[in-house]
Visitor: 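Starting off with a structure, shown below.
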Amino acid sequence: MRLDTLTNSIGEWLRGTGPESDIVMSSRVRLARNLAQFPFVSRATEQDRADTERMLRERIASVPVGRELDYIDVGHLEEIDRRFLVERQLISREHADAQGARGVAIDRLEQVSLMINEEDHLRIQCMHSGLDLHGAWDQIKVVDDQIEKVVSYAFHPRWGYLTACPTNVGTGIRVSVMLHLPALVITRQIDKVFRSLHKISLAVRGLYGEGSQAMGDFYQISNQTTLGRTEDELVQQVADVVPVLIDYERRAREFLVRETQQNVHDQVSRAYGILRTAQTISNEETMQLLSRVRMGVLLGLIGDVKISDINSLLIRTQPAHLQKLRGVDGESSDDIERARYLRQHFEGGDSSARASAN
Amino acid sequence: MWRLRWNRIDRADVCGDAMKCQQCDNPAVFHITELEAGNVREVHLCEDHARTYLNQSEGADPEGSSSAEGGSSKGSGLSTPLGVGQTADDLAVLDQRCCDMCGITFFEFRNQGRLGCPHDYIQFEAELEPLIANIHGATEHTGRRPSRQVPIAADEKFGTDGLTAIIGLRRGMKDAISREDYESAKEARDEIRAIEEAWAPPSGGATGQSGGTGEGKA
């Protein structure tokens with residue numbers, strides 16, 4: 001598979017379709033699995049890793065998982081391509097930065113991704129646009145069952161599926177939603193919300209998962225525990241809280257429009273103005289401003305921009321994507337190129353930038 | 001008093017839960033679980049405050065304080081205390097314990113926060129139990145189970161541990177070869193093959209599957 005073909009699509013998590021997609025960007029379920037006959041990845045020799053990688057790659061290719069998969073040999077990718085896959089949420093940062101034999105199998109829709117030799121031997125991920133946790137869970141069950149027919153997962157009757165880190169043991173499941181919560185951030189309610197989520201054992205993370213900062217008001221909410229409850233219960237635990245968060249965010253947006261209309265209109269207009277005119281702009285600032293413009297569009301305060309355009313820019317202005325689209329090399333010119341790309345996009349002066357927004 | 005400490009594990013890595021130190025704004029990288037008379041108390045501290053905290057409760061730790069300039073605490077005095085019981089000797093003994101299969105010591109696990117192989121969950125079960133109970137609030141898996149039958153070590157209470165035995169055999173075979181004990185190496189290889197065959201996925205379960213596990217090339 002040629003990665004360059006992916007630059008023309010927007011990827012699943014920013015597709016912007018599906019239920020509640022004004023707030024819920026995507027729903028994701030992942031399972032951590034290990035082969036019983038090899039040491040966990042951090043303890044594995046180079047040979048172990050190569051054997052694990054080959055066995056999983058061959059066995060996965062031998063069963064129908066419901067989707068045609070392309071395999072990417074991550075161990076032999078250039079750094080920019082690894083970063084590109086991270087930006088599309090197809091591999092984790094840890095997987096990108098790891099050493100030795102490893103790879104990822106993905107389907108054309110970029111909904112299914114199977115990381116080999118991440119922290120665990122196998123990380124299966126299913127991602128659906130909008131709020132569709134049960135759909136993602138139903139899909140991942142099929143993939144897991146098929147693979148389980150041809151490998152022996154490390155399993156203990158009491159501890160469940162055995163994982164390299166005890167925080168994942170049991171079901172090995174991580175259920176998460178990516179939410180866009182700008183109004184809760186502006187009204188300074190976000191910390192309160194997160195504290196209450198912590199109390200019910202839900203974790204909050206930034207855009208790119210573990211340890212990452214929240215960028216552009218995007219937050220991932222996921223289950224914290226993996227043992228002692230069934231997968232269905234854990235999916236439901238996250239599913240139950242999402243409508244509450246959606247309601248909070250909607251109310252905060254309504255409040256902003258009702259009480260501070262002039263102010264919020266000013267804020268999103270300024271954000272839009274900067275994106276259209278800046279001469280140099282960082283990734284972080286771009287995300288932040290796009291986030292505000294996205295909210296502005298959804299509130300009807302900015303008329304001539306489509307949500308799909310904003311979603312497209314969110315991915316295309318990230319460093320590796322930008323570099324691939326523009327052929328830019330070197331950090332220093334990144335910010336200048338990003339600003340140029342944004343200007344051309346909004347001015348309609350660059351057909352390649354506009355055509356991309358699907 | 002039962003005290004368990006799980007030190008120097010960056011939760012941002014472990015479970016993505018980037019936390020602040022309870023004493024200051026720095027990231028908490030030490031997550032200490034105190035189990036006292038059945039009560040669980042968690043303490044989340046940055047490196048500096050953890051040092052103070054641990055020294056207070058453990059008594060002076062000259063090694064720990066002398067390494068204050070060092071950027072990494074790995075291997076410093078701070079990585080030492082995991083208390084089961086009270087004495088330093090107990091700690092040393094526990095830390096030295098290693099897995100029969102992959103050879104990881106409990107000390108290494110504590111430092112890295114990652115286990116070495118599936119058998120660790122059996123080898124270190126007693127030590128891991130309170131840790132797992134603290135993380136998950138449960139000690140019993142209730143979710144999905146692999147549907148495939150376990151062909152050898154058929155006693156279901158061992159799960160897939162019969163297959164995990166290969167990890168130890170492979171290690172033993174390597175050692176035997178390095179001491180030129182080819183007889184033992186051959187025995188280990190044969191044993192590995194026997195286990196692999198017993199555990200091979202059912203033929204016909206997958207198209208294009210040879211039935212072997214692809215590891216019999218030792």
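Computed from a predicted structure; not experimentally measured. Labels below follow one simple rule: chain letters A, B, ... track the order of the sequence lines, proteins then strands, and each chain is numbered from 1.
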Visitor: Measure A/L234 against the heavy atoms of chain B and call it side chain, backbone, both or neither at under 4.5 Å.
Guide: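 Neither the backbone nor the side chain of A/L234 comes within 4.5 Å of chain B.
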Visitor: Report which part of A/T45 has an atom under 4.5 Å of a heavy atom belonging to chain B: side chain, backbone, both, or neither.
Guide: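 Only the side chain of A/T45 comes within 4.5 Å of chain B.
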Visitor: So, applying side chain to side chain donor-acceptor pair (under 3.5 Å) with A/R174, which one of A/T226, A/N168, A/T167 is it?
Guide: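 For A/R174, the side chain to side chain donor-acceptor pair (under 3.5 Å) check succeeds only for A/N168.
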Visitor: Find out whether the Lys NZ or Arg CZ of B/R114 is both under 6.0 angstrom from the six-membered ring centre of A/F40 and within 45° of the ring's axis.
Guide: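 No, cation not above the ring by the 6.0 Å, 45° rule.
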Visitor: Quick one: do B/E127 and B/R97 make a salt bridge, cutoff under 4.0 Å?
Guide: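 Here B/E127 pairs with B/R97 in a salt bridge, since their nearest N and O are under 4.0 Å apart.
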Visitor: Considering only heavy atoms and a distance below 4.5 Å, find which of A/S222, A/G172, A/A164 pairs most often with chain B.
Guide: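 Result: the option with the highest number of such pairs is A/A164.
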Visitor: Under a 4.0 Å N-O cut-off, is there an ion pair linking A/D144 with A/K141?
Guide: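 Here A/D144 does not pair with A/K141 in a salt bridge, since their nearest N and O are not under 4.0 Å apart.
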Visitor: Name all residues meeting the salt bridge (Lys or Arg N to Asp or Glu O under 4.0 Å) criterion together with B/E125; count only those two or more places apart in sequence or in a different chain, and write none if there are none.
Guide: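 With sequence neighbours excluded, B/E125 shows a salt bridge (Lys or Arg N to Asp or Glu O under 4.0 Å) to A/R158, given in chain and number order.
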Visitor: Looking only at heavy atoms and a cut-off of under 4.5 Å, which of A/V169, A/N34, A/V41 has the most pairs with chain B?
Guide: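 Looking at each option in turn, the highest pair count goes to A/V169.
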Visitor: Select one option (side chain, backbone, both, neither) describing which atoms of B/I132 are under 4.5 Å from chain A's heavy atoms.
Guide: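 Interface part for B/I132: side chain.
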Visitor: Taking salt bridge (Lys or Arg N to Asp or Glu O under 4.0 Å) as the test, write out the residues that go with A/D145, two or more places apart.
Guide: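 Only B/R144 meet the salt bridge (Lys or Arg N to Asp or Glu O under 4.0 Å) criterion with A/D145.
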Visitor: For a side chain to side chain donor-acceptor pair (under 3.5 Å) check, start with the C-alpha distance between B/D100 and B/H119, then their side-chain angles and the critical distance, and finish with the verdict.
Guide: CA-CA 8 Å; B/D100 295 337; B/H119 186 69; 4.6 Å; no
Visitor: Between B/G103, B/G116, B/A165, B/A138, which has the largest tally of heavy atom pairs under 4.5 Å with chain A?
Guide: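 Answer, by heavy-atom pair count under 4.5 Å with chain A: B/G116.
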Visitor: For chain B, which of A/S201, A/A154, A/P64, A/A36 has the most heavy-atom pairs under 4.5 Å?
Guide: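 If we count pairs closer than 4.5 Å to chain B, A/A36 comes out on top.
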Visitor: Out of A/T163, A/L227, A/D232, return the one with the most heavy atom pairs under 4.5 angstrom to chain B.
Guide: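 Ranked by heavy-atom pairs under 4.5 Å with chain B, first place is A/L227.
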Visitor: For A/D48, which atoms come within 4.5 Å of any heavy atom of chain B: side chain, backbone, both, or neither?
Guide: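 The answer is the side chain of A/D48.
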